[in-house]
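Following: one structure in structure tokens, then a few remarks.
A, B, ... follow the sequence lines: proteins, then strands. Residue 1 opens every chain.
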Amino acid sequence: MSDSALDQARKRTGRMTGAEAIIRSLEAEDVTICWGIPGGAILPLYDAFMRCDHSIQHVLVRHEQGAGHMAQGYARATGKVGVCIATSGPGATNLVTPIADAFLDSTPLVAITGQVPTHLIGTDAFQEADITGIVMPIVKHSFLVQTVEDIPRALHEAFHIASTGRPGPVLVDIPKDLQQAEFDFAYPATIELPGYSAEFPEVPASIAAAATMIAQSKRPVIYVGGGVINAEASEDLILFAETLQAPVTTTLLAKGAFPDSHPLSVQMPGMHGSKYANWTIHRSDLLITIGARFDDRVTGKLDAFAPGAKVIHFDIDPAEISKNRRADVTLLGDLKRTLPALREAVVETRNAERLADQRDWLTDVQGWREENPFRYMKGEKLKPQYIIEQFDRALKGKDAIWVTGVGQHQMWAAQFLSIDGPRRWLTSGGLGTMGFGVPAAIGAQQGCPDAYVVNFDGDGCFQMTSQELATAICYDVPVIHAVMNNGWLGMVRQWQELFHDERFSETNLFGTIPDFVKLAEAYGCLGLRAETEAEVDAVIEQAIAERRPTVIDFRIDHDEKVYPMVPAGAASHEMIDQVWDNDWVEEGV
Amino acid sequence: MATPGHHTLSVFVENRPGVLSRVCGLFSRRGFNIESLAVGPTERTDRSVITIRVDCTRHSVEQVVKQLDKLIDVIDAIEVEPDSAIERELLLVKVKAEAEHRLEIMRMAEVFNARVVDAGATTLLLECVEHPDRLAALEELLSPYEIVEAVRTGRVAMTRASIANETARPKLNILG
């Protein structure tokens, strides 16, 4: 919306129903698209969508979980707040998974749910569920609106809370009778939340302490999390890293926050990260943590993580500081302010002499990287890593957004894709939601219509949300869904093979998997298949050229595993790597 | 008892529906252990104070306070330092009091500033507002006579009037 139209939307007043007030509030928040499904308790809002003139596109999905993930995909690709809508009861409970996903991955999301009329609340009425109670531990905040006059304020606060500080999901539950009631609408100009602030004062002493630590460090490493993307601070990070000449490791959520192709990048740390990232962290004497939270998939055994390192921790959420790993210096607040401030403080000390001190460290890191790249062995069967490499090549130089489900294919994509910009890699990290890929990719594509959006999915994940292919067809959303079909719940199978004596309990999907080409065609999508390396390029080219909703069934080697790997509970530098030595990797660093 | 790992938190909240369940839900979700809890109005009608006694042997009290502070309806959460605060709790206790013990019990009550608020044929009902440690001591002394029933409100706390504060409710220094 243009600035003047937005200004007008915020100044609108007049008598209207609560339902229209929801629409006017969304306009005032510059919402142009939302995802949902109507139902009894949210009917007045849907009636208003049809009755009123407005500028919001509503996307009708096939399952409310799809609406939530589409809103997430949109939010993460564009940086704007994603909005999803559902009715009371089952509609609302179907949003629980995306809300939890948005909570763990700090995604700005506003979920609007209808609720039974106020006089029926608490009576176990038809389609009544206490959704604000259900989502309490997985939202940044929630509102159960009590009067029609409260609707604009609740939505205004919801968008403010969802999008500022550490972003997250906010649920606004609006009883049906309030949607029908009339009142005099005016959009609040201010926010009154005395218990909420995303602003932190500058602390020069902390900057000075951090600068001293950097000056004393011989083996620094920068450990970057998704917070850099939320803060839009990638450029500041690149400058900071180049000033320090320190290696940079980006977590699964941070992929793209620092260019994978940058010479200082050591890619992903953690369970399926690079050996060189984990070794760099293990040997470091200073861990400069930026918008990351020491997740167990990153740290492995916590007390063996970066055992010789002091910690500088940048974050916008004070509760992340010293939650898992004690911070020696804390820099709270917006990275757009704190990163340049620390850079300013150290830039003069990073002279040639000082950087020479660090040369051995960079040489070590470089050596580990050259000797231990992500790799795989070619075989008779089609390898998923090859497919990912070919996709990466095919879209090089184009604006591509990569989305994944959760499991082996997700890790292969994280390892083998080279992504150089933020908001171009969307994956479910914290919650690990299988089924995220299809809807998140659709939402991302709707937010970035000119980008090429590829969803790398697994056959297990794909079947959890494939009904949204109907949404893709309805709205002509040309995502390419590249299904790494191995006929198994592959990551679980990998754990069963490695840690449960090959007892493959309930992980074999083979024989019950539908023909994905026919399934695609049944929805009206383009369906393609590749079973050998020789067939891969042709299907990729065709999918890119046709630019319409597409499913590619890649029949991959079901025995392929994700390596290297830190077994659960092990120290993060102790990685197993079957292909080359089939044993624990020597500590070696 | 003043056990290490036990802390008193004063949580200043907006007086809104659901705020108590948000606070309590946080405790159970994060694995923090509530020992006692008291909720009530404050000098402002739109604010309440929740006083929580928490067992922090598993988590740092800083982490508890930071998580509380993250709740939107929580305006401020502070740890009450025992040395600089007055802590009180109300005890109602019904104790067996046969004729030969009545005077003895009443004298003991006096020592603890407890009042006899009701009397039956064989029991006395005492009320005592004191520091929780003193209430525990009173209960212990009464136990040989047999305590029929006892109920406590949970502690409330306030920084001493003699300690000068720029504001009545100091903001926790989270910047360390």
How about [atom1] on [X], more than 12 heavy atoms from neighbouring residues, nucleotides or ligands closer than 6.0 Å, or not?
X       : atom1 : result
E199(A) : CD    : no
E344(A) : CD    : no
M106(B) : CE    : no
K323(A) : NZ    : yes

Nearest 0.5 Å, please: how far is CZ in R16(B) from CZ in F143(A)?
6.5 Å
In this structure, CD of E320(A) is separated from NZ of K66(B) (nearest 0.5 Å) by 9.5 Å
Under 4.5 Å from any heavy atom of chain A - which part of L26(B)
neither
Which bit of R29(B) comes within less than 4.5 Å of chain A, counting heavy atoms only: side chain, backbone, both or neither?
side chain
Between M136(A) and S21(B), the two heavy atoms sitting closest are CE-OG, 3.5 Å
What's the shortest heavy-atom distance between A319(A) and Q63(B), and which atoms?
O-NE2, 3.2 Å
Is chain B contacted by the side chain of S142(A), its backbone, both, or neither, given a heavy-atom distance below 4.5 Å?
both
Tell me, for I321(A) versus chain B, whether the close heavy atoms (under 4.5 Å) come from the side chain, the backbone, both or neither.
both
Do the non-hydrogen side-chain atoms of R326(A) and S60(B) ever get within less than 4.5 Å of each other?
no
Do Q146(A) and P17(B) come within less than 4.5 Å of each other through their side chains, counting heavy atoms only?
yes
